[in-house]
Amino acid sequence: MTDTRVEKRSRKTSTRDGLFQKNGWWWLDYYDADGRRHRKKAAPDYDTAKTKYRAMMTAIARGEVLGVREEGTCLRAFVNKRYWPTVAPTLAPEWAERSRGILDGVILPTFGDTRLSTVRQEAVERWYATRRGQVKASTANKELARLKHLFGRAVAWGYVKANAAAKVTKAKEPSGRIRYLTADERRALLDGADVTVKAKDGRMWTVHHGPTPALRLYIVAALHTGARRAELVRLGWADVDMKRKTITFRETKNGRDRTVPMTGTLRSELQDLPRPLDTTEPVLPRYGHPRVLTRSFTRLVRRLGLVGLTFHDLRHDAASTLTMAGVSQRAVMEILGHRDPRMTVRYQHLAPGHLADAMQSLDRAATAPPEPATAATANAQ
């Protein structure tokens with residue numbers, strides 16, 4: 001009996017086996033793989049606590065205990081409970097929607113049920129290689145960037161020790177598409193054009209296709225501001241200053257407000273619109289969602305036979321027009337709202353006709369008549 005009491009007493013006070021007793025419970029006392037000490041409440045009886053302790057030691061030996069927050073958290077739970085509620089408010093509305101689409105449609109179906117701490121670079125590279133074979137390089141790179149950001153936040157917040165996507169190399173993207181408007185294309189977009197339609201039985205007739213009044217306003221605004229689609233959809237009357245002739249775009253893609261001067265053409269168009277008392281009302285006709293605007297523009301382009309033209313190309317055209325007019329790169333950056341000068345250079349495409357005019361200067365130099373001899377030259381001869 002005495003030996004039993006001594007044994008029980010030694011179990012209550014001894015920590016040599018990684019256990020100690022406190023307030024009637026047995027606690028685990030161990031060090032993780034980084035040498036940090038942990039004490040966790042285990043069980044009211046010694047035998048159960050000892051079993052948990054042995055399981056913990058086995059997990060540490062296998063590298064399953066990394067000393068991070070909520071080690072068993074799967075990626076889906078981390079995204080929904082931690083990552084997205086924190087990150088979403090920092091994104092512009094349209095970009096937040098696209099980012100959430102990447103998470104739900106691409107990242108979570110692959111990694112959602114995997115524990116954060118067990119995702120390895122090899123798995124990320126396999127996933128990225130698969131995506132490269134399914135979508136354009138630019139799309140795959142955007143998805144990889146979102147995964148990198150996700151793991152970057154997980155590291156910063158202590159959920160994992162290393163970013164599994166950090167060393168995955170992005171694919172090289174092709175140069176940005178060169179597309180701007182000719183004078184005829186611009187005229188057709190704004191005023192419409194006659195298009196010949198041919199029926200299956202061979203009959204032919206002419207139909208006039210043009211933009212609706214609502215769509216025409218968006219086209220004019222895009223060509224005269226270089227604004228993005230979502231920026232135009234969200235533009236409110238409070239951000240239109242007719243006296244100063246300026247427009248301010250809020251919640252832009254880069255997170256900063258941007259004010260641009262108003263052209264005479266755009267000001268004339270806006271002056272003809274009814275101005276509501278509520279200044280939060282949108283300036284341009286409601287389309288509900290930016291994608292609806294895109295579909296309307298795509299239909300118009302298809303009917304007019306304008307090949308390969310998108311609504312975003314109107315922004316390209318504004319940048320190219322400014323450049324060909326001799327506007328400085330810095331000014332174009334401010335108008336388009338670019339932080340990185342390389343983005344502005346990407347938009348600054350010069351029309352072949354403009355370059356041809358510039359090259360004529362070489363012909364003029366070659367055919368220029370000789371300069372008349374000066375008095376000093378004559379004396380030297």
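Every value quoted in this text rests on a predicted model; they were computed, and no experiment measured them. Note that these values count all heavy atoms, side chains included, but never hydrogens, waters or copies made by symmetry.
Annotation: side chain of Val87 is not in contact with side chain of Leu150 (no heavy-atom distance under 4.5 Å). Side-chain contact between Trp127 and Leu147: present, with at least one pair of heavy atoms (C-beta onward) separated by less than 4.5 Å. At a threshold of 4.5 Å between non-hydrogen side-chain atoms, the residues Asp113 and Leu108 do not count as touching. Inter-residue side-chain proximity for Arg234 and Glu251 is flagged as met; some heavy-atom pair is nearer than 4.5 Å. Under the 4.5 Å side-chain criterion, counting only non-hydrogen atoms from C-beta, Leu314 is in contact with Leu181. For the pair Val168 and Gln121, the minimum side-chain heavy-atom distance is below 4.5 Å. Counting heavy atoms from C-beta on, the side chains of Leu300 and Ile219 come closer than 4.5 Å. For the pair Ile247 and Leu235, the minimum side-chain heavy-atom distance is below 4.5 Å.
In the hydrophobic cluster analysis, where Ile, Leu, Val, Met, Phe, Trp and Tyr join through side-chain heavy atoms closer than 4.5 angstrom, Leu304 is grouped apart from Val197. In the hydrophobic clustering of this structure, Leu103 does not group with Val135; members are Ile, Leu, Val, Met, Phe, Trp, Tyr whose side-chain heavy atoms approach within less than 4.5 Å, directly or through other members. Hydrophobic clustering places Val292 together with Val283 (ILVMFWY residues linked when any side-chain heavy atoms are closer than 4.5 Å, directly or through intermediates).
Thr263 contributes atom OG1, which lies 10.5 Å from atom CZ of Arg267 (distance to the nearest 0.5 angstrom). Distance NZ/Lys22 to CZ/Arg39: 8.5 Å, rounded to 0.5 Å. Arg76 contributes atom CZ, which lies 14.5 Å from atom CZ of Phe78 (distance to the nearest 0.5 angstrom). The line from CZ of Arg315 to CD1 of Ile335 is 11.0 Å long, rounded to the nearest 0.5 Å. Here Arg153 contributes atom CZ and Asn163 contributes atom CG; the two are 10.0 Å apart, rounded to the nearest 0.5 Å. Annotation: the span from Arg303 atom CZ to Thr298 atom OG1 amounts to 11.5 Å, rounded to 0.5 Å.
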side-chain contact (heavy atoms from CB on, under 4.5 Å) between Val240 and Met262, intermediate numbers included: CA-CA 9 Å; Val240 176; Met262 200 184 312; 3.9 Å; yes
Full working for side-chain contact (heavy atoms from CB on, under 4.5 Å) between Arg186 and Thr321: CA-CA 12 Å; Arg186 188 178 291 105; Thr321 301; 4.1 Å; yes
Worked check of side-chain contact (heavy atoms from CB on, under 4.5 Å) between Leu28 and Lys41: CA-CA 6 Å; Leu28 308 185; Lys41 196 174 184 180; over 6 Å; no
Trace of the side-chain hydrogen bond (donor to acceptor under 3.5 Å, both in side chains) decision for Arg228 with Thr252: CA-CA 8 Å; Arg228 299 178 180 91; Thr252 64; 5.2 Å; no
Test log, rule side-chain contact (heavy atoms from CB on, under 4.5 Å), inputs Asp29 and Leu19: CA-CA 6 Å; Asp29 187 358; Leu19 299 171; over 6 Å; no
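Of all heavy-atom pairs spanning Leu217 and Pro285, the tightest one is CD1-CD, 3.8 Å. Listed here is the closest heavy atom pair of Leu293 and Phe311: CD2-CZ, 4.0 Å. Closest approach of Leu189 and Phe297 over heavy atoms only: CD2-CE1, 4.0 Å. Taking each heavy atom of Pro211 and Ala188 in turn, the nearest pair found is CD-O, 4.4 Å. Closest approach of Arg132 to Ala140, counting heavy atoms only: CD-CB, 3.9 Å. Shortest non-hydrogen contact noted between Thr73 and Ala77 is CG2-CB, 4.2 Å.
A salt bridge links Glu281 and Arg286; the closest N-O separation between the charged side-chain nitrogens and carboxylate oxygens is under 4.0 Å. A salt bridge between Glu97 and Arg291 is present, with a side-chain N of the basic residue lying under 4.0 Å from a carboxylate O of the acidic one. The pair Asp241-Lys245 does not meet the salt-bridge criterion, since no charged nitrogen lies less than 4.0 angstrom from a carboxylate oxygen. Remark: Lys50 does not engage Asp47 in a salt bridge, criterion side-chain N to carboxylate O under 4.0 Å.
Between the side chains of Thr310 and Asp313, a donor-acceptor pair is found at a separation under 3.5 Å. Side-chain atoms of Thr48 and Asp45 form a donor-acceptor pair, as typed in the model, at a separation below 3.5 Å. If you check the side chains of Thr280 and Asp278, you find a donor sitting under 3.5 Å from an acceptor. Arg146 and Ser99 share a side-chain donor-acceptor pair at under 3.5 Å. Between the side chains of Thr246 and Thr259, no donor-acceptor pair is found at a separation under 3.5 Å. With 3.5 Å as the limit, one finds no donor-acceptor pair spanning the side chains of Thr248 and Arg258.
Heavy-atom neighbours of Gln271 CD from other residues, nucleotides or ligands within 6.0 Å: above the threshold of 12. The environment of Asp201 atom CG is dense: over 12 non-hydrogen atoms of other residues, nucleotides or ligands sit within 6.0 angstrom. In Arg54, the CZ atom is not crowded: 12 or fewer heavy atoms of neighbouring residues, nucleotides or ligands sit closer than 6.0 Å.
Of the possible polar contacts, one joining the Arg216 side chain to the Leu190 backbone as a donor-acceptor pair under 3.5 Å is found. Under a 3.5 Å cut-off, the side chain of Glu125 and the backbone N or O of Glu122 do not form any donor-acceptor pair. A donor-acceptor distance shorter than 3.5 angstrom exists from the side chain of Thr323 to the backbone of Ala319, with no hydrogens or angles considered. Checking side-chain atoms of Tyr53 against main-chain N and O of Trp27 turns up no donor-acceptor pair under 3.5 Å.
Stacking of Arg256 on the aromatic ring of Phe249 is not recorded, the 6.0 Å distance cut-off and the 45° axial limit not both being met. Cation-pi geometry between Arg82 and Trp157 is not met at under 6.0 angstrom from the ring centre and within 45 degrees of the axis.
Listed by first then second residue, pairs satisfying ring pair (Phe, Tyr, Trp, His ring centres under 6.0 Å) with a partner in residues 216-243 read Tyr218-Tyr287, not counting sequence neighbours.
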